[in-house]
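Since the structure comes first, as structure tokens, the remarks are kept for the end.
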Amino acid sequence: MTFEQKMAEGLMTTQPATAGDAASLAARRNFLMGTAALAGSAVLPLSTASAASTASAASVATAATVTEAVGSASMPQARTGTNDPRLARSTRGMVTSPHALASEAGLEVLRAGGNAIEAAIAIGAVLSVTYPHFTGLGGDAFMVISDRDGNVRTLSGIGQAAAQPPAYAGAIPVRGPGATLTTAATVAIWDKAYDISRKQWNGQQAWSSLFSRATEYAANGFPITPSQHFWQTFRAGDLPNWEGFSSVFMPNGRIPQVGERFHQPALARSLDSIATHGGREFYEGDLAARIAAGLKRVGSPLRASDLSRAQAREEAPLRVAYRDGELLGLRPPTQGVTTLEIMGILNRFDLKSMPEGSPDYYHVLVEAVKLAFIDRNRYVADPDFVDVPVDRLLASANLDAHARSIRMDRAMPWPHVFKTGDTVYIGAADAQGNCVSMLQTVYFDWGSGVVLGDTGVLWHNRGASFSLDPSSANVLAGGKRPFHTLNPGMYLKQGRPQLLYGTQGADGQPQTLAAVLTRLIDYDMDPLAALRRPRFLLGKTFSDSRDSLKLEQDAGADVFSALAARGHEMSPLPPQSQLAGHPGAIRIGEHGQMSGAHDPRSDGRALGA
């Protein structure tokens, strides 16, 4: 059966999104403003008419948020009400992702008897269609996977630099052909994970079936989300300069509206090719040849030989003790070691003696972040090219020394540069206790902006994170993997998975995770309660050039004053700000009971089977 015939065989359709009431529109506007800030961008101004139509609703919504925030700041809730639909519960499996169609695709796989790896692949494939501004086939991905007995391995999917990188003058471009510097390893991750599923987890789902929903939404269309529309509108002035972009993402020469059905037939054909011929089709088959031709045509340094060398790596996880369990993360060149170093430092403090949300609580987290970031900026890069002393960084002697250096009455100075990026988190757990914690990315929103020939594939710009400074551990070299901020993780207790977690947010990832994990572990909050508490972001962003400590206002005025008195330069963030990240988390109980949530700052959702 041809691809076109497959698409004609009774595929489901999705109803267009409808506009909500004024309060919903105001809330959505606030969400998009925060999303812009998360990627370090200024926010598009409202038109006069739009401002007038939403001002009243916005003020009401803000008042409601502040009222709720004041209550939550003074009396943190460890448990969410049983009727709150944002907290999913199940004993038969669970998924979480930032898009409802993707979560539903993963849930379908679990209900059909699929395992957590199979569900995660289906979710990731759908997100590559429905969240093209943050992830796609032309990006990178990472997994932490475990069976119920705690046999954990990590998969690192980082595209390597071209074998013959160009001699850049001044700086590596962040957009355009010059930014298409590294291969893409998301499909390689899916391929590697599926092999593990079949051989070690007795996976029964056909590879091709995991792409059915993604192919359907690409071919038959899906409603444009407010997030995609916002980011395309925000970048409208740049779009004409991006090779091949307008022909795919601007049908009829315009940006599609929210709720309008959006089709990607070329991407659907590429997905169908991967579904039919397997994951290596993206790197070695006819599709790979068309991708390589598209890269060469736009002037990328990548060649077919570079694509053929792209692989996902299976590696033993990094580990650090935390309370009566163990936190696990990915090896360099990711900043997984940084999150673990932060948590290892915090393990030296009796957090339960500090009220959650108190000045002491935020101060000690921020100081631990500073110490780990200094080590990260000095050492973390591709260990194939430089020595990354992960054992020393996570050794008791280093963690003890860092903990002793923290003064509870005084803040360390912080003059370091913030790194930006966009990502999506995927979590999945099945009824057998197998689980996956995963992140996918195209780096900046819309990646390089380059769409390759007739493939419909948008290529990422992760290579722009390389340095051109010869003294940097992350200096560009042929075949080298760039530093990655992505670091999904897992927490084991009594040797078995108890928590799956991850977040978007670039430099904010370890900071967000420090807050979420301490609330889940030290203060025993359920996932939704932990995710909605106030959080912080340290350092510069493109929208705020101050080296300040940014904290959500619902932390309370007394907390701001106390932290400022210790020497922290404070900057307020709105309650539930997108700058605080979009984490997701799933908790797995001793007897298989699961609870999960995606951050209420986002429009993601956890679903239980």
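Because the structure is a prediction, the values reported are computed rather than measured.
Counting heavy atoms from C-beta on, the side chains of Arg280 and Gln311 come closer than 4.5 Å. Between Phe230 and His133, the closest side-chain pair of non-hydrogen atoms is not below 4.5 Å. Taking 4.5 Å as the limit, every side-chain heavy atom of Thr130 sits out of range of all side-chain heavy atoms of Thr225. You'll find the side chain of Leu271 reaches within 4.5 Å of the side chain of Val129, heavy atoms only. At a threshold of 4.5 Å between non-hydrogen side-chain atoms, the residues Phe245 and Val450 do not count as touching. Contact check for Leu101 versus Glu104: side-chain heavy atoms found under the 4.5 Å cut-off. Met438 has its side chain out of reach of Pro488: every pair of non-hydrogen atoms, C-beta onward, lies at least 4.5 Å apart. Between Thr338 and Asn487 the shortest side-chain heavy-atom distance does not fall below 4.5 Å.
Below 30°, between 30° and 60°, or above 60°: for Tyr194 and Trp207 the angle between ring planes is above 60°, a perpendicular geometry. Relative ring orientation between Phe134 and Tyr131 is described as perpendicular, the plane-to-plane angle rising above 60° on a 0-90° scale split at 30° and 60°.
Counting non-hydrogen atoms of neighbouring residues, nucleotides and ligands closer than 6.0 angstrom, the CG atom of Asp469 exceeds 12 such neighbours. Shown here is Arg378, whose CZ atom has no more than 12 heavy atoms of other residues, nucleotides or ligands within 6.0 Å. The 12-atom threshold is exceeded at CD of Glu315, counting heavy atoms of other residues, nucleotides or ligands nearer than 6.0 Å.
The OG atom of Ser300 lies 11.5 Å from the CD1 atom of Ile291; values are rounded to the nearest 0.5 Å. Note that CG of Leu439 and OG1 of Thr334 are 10.0 Å apart. Values are rounded to the nearest 0.5 Å. Here the straight-line distance linking atom OH of Tyr217 with atom CZ of Arg261 works out to 10.0 Å at 0.5 Å rounding. Separating the CD1 atom in Ile426 from the CG atom in Leu127 is a distance of 5.0 Å, to the nearest 0.5 Å. Gln335 CD to Leu486 CG: the interatomic distance, rounded to the nearest 0.5 Å, is 8.5 Å. Taking CD1 from Ile196 and CG from Leu155, the interatomic distance works out to 4.5 Å, rounded to the nearest 0.5 Å.
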Exercise. Evaluate side chain to side chain contact (heavy atoms under 4.5 Å, CB included) for Asp286 paired with His277, printing each intermediate quantity in order.
Key: CA-CA 10 Å; Asp286 290 340; His277 301 293; over 6 Å; no
Report task. Check the pair Ile224, Gln257 against side chain to side chain contact (heavy atoms under 4.5 Å, CB included), reporting the backbone distance first and the verdict last. Result -> CA-CA 7 Å; Ile224 288 285; Gln257 297 299 307; over 6 Å; no
**Asked** Given the rule in the side chain to side chain donor-acceptor pair (under 3.5 Å) test, do Gln440 and Thr186 qualify, once you have shown the distances and angles that lead to the verdict?
**Response** CA-CA 7 Å; Gln440 292 184 177; Thr186 290; 5.3 Å; no
### Message
Could you walk me through whether Arg331 and Ser156 satisfy the side chain to side chain contact (heavy atoms under 4.5 Å, CB included) test, starting with their C-alpha distance in whole Å, then the side-chain angles of each, then the deciding distance to 0.1 Å, before giving a yes or no?
### Response
CA-CA 8 Å; Arg331 292 181 174 272; Ser156 180; over 6 Å; no
Subject >> Intermediate values then yes/no, side chain to side chain contact (heavy atoms under 4.5 Å, CB included), Val516 and Leu531 >> reply: CA-CA 6 Å; Val516 171; Leu531 293 173; 4.0 Å; yes
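The backbone N or O of Ala100 sits nowhere less than 3.5 Å from a side-chain atom of Ser103 that would complete a donor-acceptor pair. Between the side chain of Asp306 and the backbone N or O of Arg303, at least one donor-acceptor pair lies under 3.5 Å. A donor-acceptor contact shorter than 3.5 Å is absent between the side chain of Thr215 and the backbone of Ser212. A donor-acceptor pair under 3.5 Å is formed between the side chain of Glu281 and the backbone N or O of Leu287. Not one N or O on the side chain of Asn461 forms a donor-acceptor pair closer than 3.5 Å with the backbone of Arg175. Although no hydrogens or angles enter the test, the distance criterion places a donor-acceptor pair under 3.5 Å between the side chain of Ser448 and the main chain of Trp459. Counting only distance, with no hydrogens or angles, the side chain of Tyr168 and the backbone of Gly178 share a donor-acceptor pair below 3.5 Å. Here the side chain of Glu118 pairs a donor or acceptor atom with the backbone of Gln205 at under 3.5 angstrom. Checked by atom type and distance alone, the side chain of Ser128 pairs as donor or acceptor with a backbone atom of Gly124 at under 3.5 Å.
For Ala206, the side chain to side chain contact (heavy atoms under 4.5 Å, CB included) partners are Ser208, Ser209, not counting sequence neighbours. Residues passing the side chain to side chain donor-acceptor pair (under 3.5 Å) test with Asp195, sequence neighbours excluded: Lys199. Taking the side chain to side chain contact (heavy atoms under 4.5 Å, CB included) definition, one finds that Pro317 meets it with Val152, Thr154, Arg319, Leu328, sequence neighbours left out.
The two residues Pro166 and Leu181 make their nearest non-hydrogen contact at CD-CD1, 4.2 Å. Looking at every heavy atom in both residues, Phe385 comes nearest to Lys480 through CE1-CA, 3.4 Å. Here the shortest heavy-atom pairing between Ala162 and Pro301 reads CB-O, 3.6 Å. Residues Ala163 and Arg309 come closest through the heavy atom pair CB-NH2, 3.4 Å. The heavy-atom pair separating Val126 from Ala105 by the smallest distance is CG2-CB, 3.7 Å. When all heavy atoms of Pro177 and Glu243 are compared, the closest pair comes out as CG-CG, 4.2 Å.
Under 4.0 Å is where a charged nitrogen must lie from a carboxylate oxygen, and between Asp445 and Arg235 at least one such pair does. A salt bridge links Asp454 and Arg290; the closest N-O separation between the charged side-chain nitrogens and carboxylate oxygens is under 4.0 Å. Note on Arg481 versus Asp140: no salt bridge recorded, every NZ/NE/NH1/NH2 to OD/OE distance being 4.0 Å or above.
In this structure, the ring of Tyr425 has its center no less than 6.0 angstrom from the ring center of Tyr501. For Trp190 and Phe211, the gap between ring centers is short of 6.0 Å.
Looking at Asn115 and Ser197, their side chains do bring a donor and an acceptor atom within 3.5 Å of each other. Thr182 and His460 form a side-chain donor-acceptor contact under 3.5 Å, judged by distance and modelled atom types alone.
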